[in-house]
2 protein chains.
Amino acid sequence: MERIVDPIRSGDLHQAIQDRIKRVIIDHGYQPGDALPAETELARILGISRGSLREAMKSLQTLGVVETRHGFGTFVGQFSFEPMINGLTFQILVSRETMPRAIRELLDLRQVLETALMPRVTEAATAPQLEQLELLVARMEASAARGRQFVDEDREFHEVLYRPLGNDLIIQLLRAFWDIFSAVGQESSRRTILLGETAGQHRDILNSIVAHQGQAAAAAMSVHFAGALAWVPLLEHDQSETMASGSRRR
Amino acid sequence: MERIVDPIRSGDLHQAIQDRIKRVIIDHGYQPGDALPAETELARILGISRGSLREAMKSLQTLGVVETRHGFGTFVGQFSFEPMINGLTFQILVSRETMPRAIRELLDLRQVLETALMPRVTEAATAPQLEQLELLVARMEASAARGRQFVDEDREFHEVLYRPLGNDLIIQLLRAFWDIFSAVGQESSRRTILLGETAGQHRDILNSIVAHQGQAAAAAMSVHFAGALAWVPLLEHDQSETMASGSRRR
DNA sequence: ATTGATTTGTCCGTATGTATC
DNA sequence: AGATACATACGGACAAATCAA
């Protein structure tokens, strides 16, 4: 028999319910992936209606604290930047006024971070990783020769780069930034990108890593982002319609 | 007379509702502070019940997309990292198994980013900023001499550093990381911190900036984080109880 | 493969507290 | 102070999805 918690009577019930749910998770020692009590029982335990409980659950769900599966149950969530991606993407899209500025800041941050990581990447590089990067760059060059985009290869290149660093947080964060950039830039004019030049920049980065020259790799990465940053001002006079939804579940 | 949107019949209604609300905000050009239609009318427009609408609203409210004022109305809100900080902090705290790893990766990321920013900081430094930093370091040294913590000064030091860069995203992100680190470390043993050494590291950073030596400032910042990273392993054998709620509204 | 039990998803109706005018 | 509009919360009911026997 579960203990029934004192009813909540103060003002901010919604936040209080969220805290109590979190308290239940911690006190019971639930780990990510573990199932929570059913909604009806949890509502009974907390002494609130099921509707109020569900509203609090939806908030926790958007934060990634819990995950719900229709007809199955509610579970403790895994760490993820996904809620941040959706929120940040929307923030950028809401005000077209400040959108170019936000994109510029985003690219600026990526430039600082990825450039700074290149010496480490050069040190930690592995043989299979370099083969994979070589394949991706070759595909980029082939696409560029045919005048086609290579967004997926670009994304994968930057992700494969940082895998051997042993820092999942960095990988997740950079992936989140990429998703934001992708979602915002999706509806914008992409034809202004110089395909051959972009492919060549990735080639330069890879060559420097293979040659085990961290400083040169950092310089090449910096050049790569400088090119992207130069493209941003073209956004300012763009009237394209944009998606209301952020990036979807993967 | 508002147009009634086609009812949603597919699977993930919850996410679809959020997207439609966001779509309404973007399409109507609502800006932060503007009032949204009342719940009953919005539910009618979207062709859903008030209960489902409220659940979606609570999610958007959590992300800061909308703000509700009891008895008055619902308004477009200012986006903030804060709710996500609470969510991410909770998720780090919840799994004690992987917590030290998450903290280590977080500090590692901060070390890379903040070290890489130091040359820029040195370039962009302003006179009033340096005065502020000088005051903060002096307060740190005074506290250290008396054996007291200086968490607030530490936080403010790192925040003031990056203000002249003109990149709000970097400031918001670093503040979010600091909050997570602070919330996690709050319940842990803090007595192992070497106060005088930490204060001295901040002094070294400031001196290098004043001397306009970006490389030296970067080195000093790197040393600062190396000290913090060395402290992480002590977390692994810590059995302290943790709070269910993250940091509160400021 | 069908049935049955469990759980989340959605809806309706109603009552209450709250802020604005 | 009264009236009105609004968000908040509750309870019950049915639908849809999932899993296990």
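The figures that follow rest on heavy atoms only: side chains count, while hydrogens, waters and symmetry mates do not. Per chain, numbering begins at 1; letters A, B, ... match sequence-line order.
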**Message:** Whole angstroms only, please: what is the CD-C1' distance between A:E55 and C:dT8?
**Reply:** 15 Å
**Message:** C:dC11, OP1 or OP2 - any side-chain N/O from B:S52 closer than 4.0 Å?
**Reply:** yes
**Fill in**
Winner on side-chain proximity to B:H70, out of C:dG17, C:dT8, D:dG11, is C:dG17
**Prompt:** Which class fits the ring pair A:Y30 and A:H28: parallel under 30°, tilted 30 to 60°, perpendicular over 60°?
**Reply:** parallel
**Asked** Across the strands shown, which category fits B:R54 at heavy-atom distances under 4.0 angstrom: base, sugar-phosphate, nothing?
**Response** base
**Request:** Check every atom of C:dT20, C:dT14, D:dC6 against the side chain of B:A38 and return the nucleotide holding the closest atom.
**Result:** D:dC6
**Salt-bridge contact A:R120-B:D108 (side-chain N to carboxylate O under 4.0 Å)** = yes
**Asked** Taking atom C1' of D:dT8 as reference, at what distance in whole Å does atom CD of A:Q15 sit?
**Response** 16 Å
**Message:** Under 4.0 Å, heavy atoms only, any strand: does B:G73 hit a base, just the sugar-phosphate, or nothing?
**Reply:** sugar-phosphate
**Prompt:** Rounded to whole angstrom units, what separation is found between the CG atom of B:L36 and the C1' atom of D:dA7?
**Reply:** 13 Å
**Asked** Just how far, in rounded Å, is P of C:dT8 from CD of A:E67?
**Response** 14 Å
**Asked** Quick one: B:L53 CG to C:dT10 C1', roughly how many Å, whole number?
**Response** 13 Å
**Message:** Using side-chain heavy atoms (C-beta onward) and a distance below 4.5 Å, is B:V66 in contact with B:V76?
**Reply:** no
**Out of C:dA19, C:dT8, C:dC12, whichever nucleotide has its closest atom nearest the side chain of A:R50** = C:dT8
**Message:** In whole Å, I'd like the distance from the CD atom of A:E39 to the P atom of D:dA17.
**Reply:** 16 Å
**Asked** Rounded to the Å, how far apart are A:L42 CG and C:dT6 C1'?
**Response** 16 Å
**Message:** Taking the minimum atom-to-atom distance to the side chain of A:S49, which one of C:dC12, D:dG11, C:dT8 wins?
**Reply:** D:dG11
**Item:** Nucleotide of D:dA7, C:dG9, C:dC11 approaching B:T68 most closely (side-chain heavy atoms)
**Value:** D:dA7
**Request:** Have a look at B:T74 and say if it touches a base, only the backbone sugar-phosphate, or nothing, with a 4.0 Å heavy-atom cut-off.
**Result:** sugar-phosphate
**Request:** Check whether any side-chain heavy atom of A:I17 lies under 4.5 Å from a side-chain heavy atom of A:I21, and answer yes or no.
**Result:** yes
**Audit row: B:H70, A:H14, ring-ring contact (aromatic ring centres under 6.0 Å, His included) steps and yes/no** = CA-CA 12 Å; B:H70 191 170; A:H14 182 68; over 10 Å; no
**Asked** Nearest to the side chain of B:I48, which nucleotide is it out of C:dC11, D:dA9, C:dG9?
**Response** C:dC11
**Item:** Euclidean distance, atom CD of residue B:E41 to atom P of D:dT4 [Å, nearest integer]
**Value:** 19 Å
